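For the numbers below, each heavy atom of this structure counts, side chains included, while hydrogens, waters and symmetry mates do not. The shown structure was predicted, so the numbers you read here are calculated from the model rather than taken from an experiment.
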Amino acid sequence: MKKRSAIICATVCALGLTACGSDLGERMTTAALNTVIGMGTVFVVLIIIIGVISLFKFIPALQDRLAKKKAEEAQAESGETALETVSAQEDAEPTDDLELVAVIAAAIAASEGAASADGFVVRSIRKANRVRRA
């Protein structure tokens with residue numbers, strides 16, 4: 001075991017990665033240099049992160065500008081198609097909601113087993129937000 005650790009120490013010393021065989025002063029100098037380099041690296045990265053985070057306040061302004069450009073483009077395109085939409089709406093027949101109410105009332109009467117839907121009153125129709133799982 002001592003032989004193996006001596007070989008490792010000699011290899012590391014030969015590569016200049018540490019000061020194994022030197023006196024205490026040289027080892028402390030190497031340790032201090034390693035500490036300064038490590039702490040310097042950490043602080044440089046932290047400063048970069050602070051800079052990136054400080055730029056986040058400009059992101060909403062950029063998004064607003066892009067949204068305004070897209071809205072202006074869409075408005076320009078919709079100006080051309082607005083006349084077509086108005087004419088298409090005039091041509092379409094309005095649907096009768098009473099027919100829809102009658103169909104729903106008949107379905108409720110059928111599910112209840114009643115012969116007619118005379119006693120039922122439909123007060124409102126709204127979509128149920130249910131997720132169907134298979």
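Residues passing the side-chain contact (heavy atoms from CB on, under 4.5 Å) test with Leu62 are Arg65, sequence neighbours excluded.
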Please report, to 0.1 Å, the donor-acceptor pairs under 3.5 Å made by any side chain of residues 41-58, with sequence neighbours excluded.
unit_1	atom_1	unit_2	atom_2	d
Thr41	OG1	Ile37	O	2.8
Ser54	OG	Ile50	O	3.4
Ser54	OG	Gly51	O	2.7

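Chaining together hydrophobic side chains whose heavy atoms lie under 4.5 Å apart leaves Leu66 on its own. The hydrophobic cluster around Val36 extends to none of the other residues, as no ILVMFWY side-chain heavy atom falls under 4.5 Å of it.
Going from atom CG of Leu24 over to atom OG1 of Thr29 covers 9.0 Å, rounded to the nearest 0.5 Å.
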